[in-house]
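Below is one structure, written out as structure tokens; comments come after it.
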Amino acid sequence: MPELPEVETIVRGLRPQLVGHRLVRVIARRPDLRIPLPPKFAGRLRGRRVESLRRRAKYILAGLDDGAVLIAHLGMAGQWLARRCEDAGQPGAHDHVEFETDDGMLLTYRDPRRFGLMTLTRENELGVHPLLASLGLEPLGNEFNGPALSAALTGRRTPVKAALLDQRVVAGIGNIYACEALYRAGISPRRMAASVQGVRAERLAAAIRSVLAEAIEAGGSSLRDYVQSSGELGYFQHFFQVYGREGEPCPGCDCGAAIRRIVQSGRSTFFCGHRQR
DNA sequence: ACGAGAACCTGTTTGC
DNA sequence: TGCAAACAGGTTCTCG
């Protein structure tokens with residue numbers, strides 16, 4: 001489900017609920033997520049105070065007061081819900097992990113498909129952790145620009161759409177924002193990645209930045225599952241120009257072409273064959 | 001070594 | 001209406 005803007009929105013929503021607070025109760029109801037929960041998961045977290053909450057790519061990282069770091073990923077359908085304990089009621093069938101904080105909040109990790117994960121590492125081992133070590137540049141970071149993007153795409157003999165989904169190239173882009181960024185940049189999703197250089201790479205880097213930043217402003221995109229931790233819906237889906245719009249007229253110009261849907265690497269790609277070259 | 005496709009799992013939508 | 005197939009925002013493994 002969630003791509004960078006949705007994960008960022010969730011981190012921002014959870015931060016005031018978690019940072020500075022102690023975890024007084026941890027319930028690991030279902031350990032068989034994509035990667036099984038580590039041994040003694042709940043016991044290692046109980047009583048710890050959360051010192052920081054941040055995002056790297058689509059991962060949520062919570063720094064704890066004993067130097068441990070909780071790594072969490074939402075997979076395709078994961079959600080975080082933040083409610084007061086007394087408002088929570090019975091746990092749902094897919095509420096796999098819950099954290100109760102010292103001021104009475106219940107933070108619930110819900111994930112019907114169990115493609116998400118949660119694991120523990122140490123702050124000083126984050127950089128070499130297998131889940132994080134080979135991630136590419138953060139697209140909203142200072143070092144991300146046209147030259148950096150073209151360098152990352154150099155030598156890639158795959159369509160640029162597939163390259164954007166490769167987290168080693170740019171970290172955090174998923175299927176929706178890859179389609180939207182390529183549309184904004186006027187670049188065909190089928191163009192070979194290695195040929196996106198120079199001004200094309202500049203345009204694509206700018207498009208990635210702008211679409212992600214605008215989506216964060218909107219609180220992410222709510223399609224099927226996604227809600228903010230507060231339960232509010234994001235609304236960026238109303239600004240999609242191509243994603244999910246097969247057959248509709250291209251919105252960005254008067255070319256009159258219809259948005260097309262093709263399948264690349266097993267994923268739907270939406271684009272305008274006239275405007276994107 | 002790299003890239004395409006399958007697999008992982010459950011829920012919802014679509015088509016006959 | 002009912003059932004089966006297709007599809008879904010991600011990642012990782014296998015195979016060619």
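Because only heavy atoms are used, hydrogens play no part in the values below, and waters and symmetry mates are left out as well, while side chains stay in. Here is how names work: the chains are called A, B, and so on, in the same order as the sequence lines, proteins then strands, and each is numbered from 1.
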Does A/Glu217, at its CD atom, have more than 12 non-hydrogen atoms belonging to other residues, nucleotides or ligands within less than 6.0 Å? no

Give a yes or no on whether A/Glu248 atom CD has more than 12 heavy-atom contacts from other residues, nucleotides or ligands under 6.0 Å away. yes

Rounded to whole Å, how long is the line connecting atom [atom1] of [X] with atom [atom2] of [N]?
X        : N      : atom1 : atom2 : result
A/Glu6   : C/dA8  : CD    : P     : 16 Å
A/Arg261 : C/dC7  : CZ    : C1'   : 8 Å
A/Ile35  : C/dC13 : CD1   : C1'   : 13 Å
A/His96  : B/dC8  : NE2   : P     : 17 Å
A/Asp111 : C/dG9  : CG    : P     : 15 Å
A/Arg30  : B/dC9  : CZ    : C1'   : 9 Å
A/Trp80  : C/dG9  : CH2   : P     : 23 Å

Once you apply a heavy-atom cut-off of 4.0 Å, does [X] come out as touching a base, just sugar-phosphate, or nothing?
X        : value
A/Leu131 : sugar-phosphate
A/Ser268 : sugar-phosphate
A/Pro159 : sugar-phosphate

By the Watson-Crick or G-U definition, both distances under 3.5 Å, C/dG9 is matched with none

Taking NZ, NE, NH1 and NH2 as the nitrogens, is one of them in A/Arg49 or A/Asp102 under 4.0 Å from a carboxylate oxygen of the other? no

Is it true that a side-chain atom of [X] and a backbone atom of [Y] form a donor plus acceptor pair closer than 3.5 Å?
X        : Y        : result
A/Arg48  : A/Gly67  : no
A/Glu3   : A/Tyr177 : yes
A/Glu180 : A/Phe240 : no

How far, in whole Å, is [M] from [N] if one measures between their [atom1] atoms?
N     : M     : atom1 : answer
B/dA6 : C/dA6 : P     : 12 Å
B/dG3 : C/dG9 : C1'   : 23 Å
B/dC9 : C/dC3 : P     : 25 Å

Residue whose closest nucleotide on DNA chain B lies nearer the 5' end, A/Gly266 versus A/Arg34: A/Gly266

Taking C-beta and beyond as the side chain, do A/Leu4 and A/Glu138 meet within less than 4.5 Å on heavy atoms? yes

Identify whether a stacking contact exists between A/Phe115 and C/dT11, where the ring centres must be under 5.5 Å apart and the planes under 30° apart. no

Tell me which residues in residues 167-175 of chain A put a heavy atom below 4.0 Å from DNA chain C, sorted by number, or none. A/Gln167, A/Gly174, A/Asn175

